[in-house]
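Atoms considered below: every heavy atom in the structure, side chains included; atoms not considered: hydrogens, waters and symmetry mates. Since the model is a prediction, treat every value here as computed from it, not as a measurement.
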Amino acid sequence: MKATRTAYSTSLNAGKHAALVEQARRLGRVRSEVWQRYGSVGGVGSGLTDRQVRDRWLADGTHVRFGVLANAWKETVRDAMADIAANLAAAKVKVRRAITRRTNDPAERKRMFTALAVDRWAEDPFLARQVRKHWKRGRNRTHDQIVVRADQYNTVVDGRGRLWLAVPGLQRRQMVRIPLSTTVAPAGTLRLILRGGRVEVHYQIDASQMRSSQRPCGGRTVGVDKGYTEALTDSDGDRHGTRLGEMLSSESDRLKERNRRRAKLRSIANTAACRGDHAKARRITANNLGTVKRDRQAARHRAGVRTEIFTAVHRVVDKAATVVAEDLTKTFAGRKTLGKNVNRRLAAWTKGVTAEALTNVSERRGSALVHVNAAYTSQTCHRCGRLGRRTGDRFHCTPCGVVWQADVNAAINILQRAGDPDIALHTPYHTVRQILRDRTDRHRARLPVQDSSPAVAERRANHPNRSAMSR
């Protein structure tokens with residue numbers, strides 16, 4: 001497994017930065033051309049590869065009008081085609097869920113899954129509709145990146161101990177030397193991102209060599225629930241990443257106040273420009289409405305949030321050989337109408353970062369990650385299995401007469417859901433609710449759980465549990 005590291009330029013010459021900006025702008029045109037021509041059904045959707053695109057452009061002379069070196073535009077084509085393929089793969093995840101909801105026949109599911117995997121979905125009307133529904137044509141918005149192949153750059157350390165990175169420029173045999181703020185030379189394919197007047201050099205390293213990857217994992221099975229005030233709450237009642245909610249709330253409130261002030265300054269600048277005082281408008285824009293400081297503050301905030309979440313996941317894996325969590329890639333539409341402040345804070349909810357951390361840390365440290373269906377886990381009592389009422393961080397169960405901590409109750413339910421034979425990962429939420437009500441009715445009537453009854457047998461056949469733990 002690979003991990004990404006970033007090195008930054010220091011005291012970069014203005015002329016060198018301008019040359020890199022021009023090269024990135026031209027390579028952005030290459031990316032736009034790739035997305036325009038091949039970002040649809042007739043391109044990557046038909047199995048077209050980046051080498052075939054390169055051969056076509058060399059044959060018809062398309063590459064000449066970009067004005068960059070051959071290795072630069074070829075690596076950019078490869079990178080853009082990989083982005084389009086990743087976009088299609090993300091759409092296929094939603095199509096697989098649609099297949100699961102459409103049919104219960106194992107043979108028909110297998111046929112559809114196979115056709116989707118080998119890119120023959122256009123032959124099936126249902127698959128074609130679903131792919132076109134979820135795979136929207138994208139467009140390129142990246143004009144600040146340069147991809148450099150591993151054999152196209154070199155590094156050298158000067159007499160003062162500074163590390164210099166030399167990358168190809170716009171002209172053949174013309175290298176641009178970039179001073180870096182690190183003494184560790186980057187390796188492999190590089191991605192240069194021009195941001196805030198400096199160069200970010202992104203490269204990958206072997207994750208197994210990291211100290212955190214060599215920490216042993218625990219030996220238990222633990223369920224975790226994603227929260228807002230804390231990153232994770234496990235089924236033992238322990239909270240991890242307790243500073244997350246404070247970090248997100250304070251940053252959201254700070255952005256609200258800063259954007260309010262910036263909007264007022266922008267209004268003053270627009271008014272000055274309308275009455276002909278363009279000098280005042282330019283001064284306000286140059287001195288008060290810049291983006292360099294804002295972008296760096298946002299980058300520091302994102303780095304702090306990632307550190308808090310990854311640290312929380314590491315603490316969970318310290319005691320767990322198997323981590324049971326909900327599928328955080330699914331989208332949920334809330335029914336409640338929330339206030340502006342709550343919506344603004346929840347918009348920064350780091351669900352994607354938590355999903356990345358769980359997958360990354362579990363794979364690097366050798367623990368198993370099991371995804372389960374989280375429908376109604378926060379609205380069900382883990383003791384009696386009945387639906388209750390959640391208010392804030394409290395869960396009220398009337399039959400038990402107990403008030404549970406809501407996140408701990410949800411984490412225990414997620415842990416129990418891993419061995420549930422009736423509720424699979426992609427079981428629709430309304431079916432899950434009916435299963436829970438059936439169990440409650442049997443409990444109220446003091447009937448035994450009839451695992452061999454025709455209704456339960458049919459439901460288990462229609463929704464087999466496909467989690468890694470059941471296998």
**Request:** Decide if atom CD of Q36 counts as having more than 12 heavy atoms of other residues, nucleotides or ligands within a radius under 6.0 Å.
**Result:**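 Counting neighbours around CD of Q36, 12 or fewer heavy atoms of other residues, nucleotides or ligands fall under 6.0 Å, so no.
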**R243 CZ: over 12 foreign heavy atoms closer than 6.0 Å** =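 At most 12 heavy atoms, drawn from other residues, nucleotides or ligands, come within 6.0 Å of this atom.
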Side chains of [X] and [Y]: does their closest heavy-atom pair fall under 4.5 Å?
| X | Y | value |
| --- | --- | --- |
| L170 | V68 | yes |
| T155 | P186 | yes |
| T291 | R294 | yes |
| N373 | H426 | no |
| Q130 | L116 | no |
| R149 | R78 | no |
| M210 | I205 | yes |
| W57 | V77 | yes |

Under a 4.0 Å N-O cut-off, is there an ion pair linking [X] with [Y]?
| X | Y | answer |
| --- | --- | --- |
| R195 | D144 | no |
| R306 | E356 | yes |
| R315 | D234 | no |

Donor-acceptor contact present, side-chain [X] to main-chain [Y], <3.5 Å:
| X | Y | result |
| --- | --- | --- |
| T427 | V432 | no |
| N87 | D83 | no |
| N360 | E363 | no |
| D236 | D238 | no |

**Prompt:** Would R56 and T62 count as a side chain to side chain donor-acceptor pair (under 3.5 Å) if you check the C-alpha gap in whole Å, the side-chain angles of each, and the deciding distance to 0.1 Å?
**Reply:** CA-CA 8 Å; R56 290 182 183 182; T62 302; over 6 Å; no
**Asked** What distance do T189 atom OG1 and H202 atom NE2 have between them, rounded to the nearest 0.5 Å?
**Response**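 Reported value, rounded in 0.5 Å steps: 14.0 Å.
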**Message:** The test is side chain to side chain donor-acceptor pair (under 3.5 Å); show your working for Q297 and R254 and say whether it passes.
**Reply:** CA-CA 11 Å; Q297 289 176 341; R254 187 186 68 83; 3.2 Å; yes
**Item:** Side-chain donor-acceptor contact under 3.5 Å, S40 with R137
**Value:**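 A pair is found: one side chain offers a donor N or O, the other an acceptor, under 3.5 Å apart.
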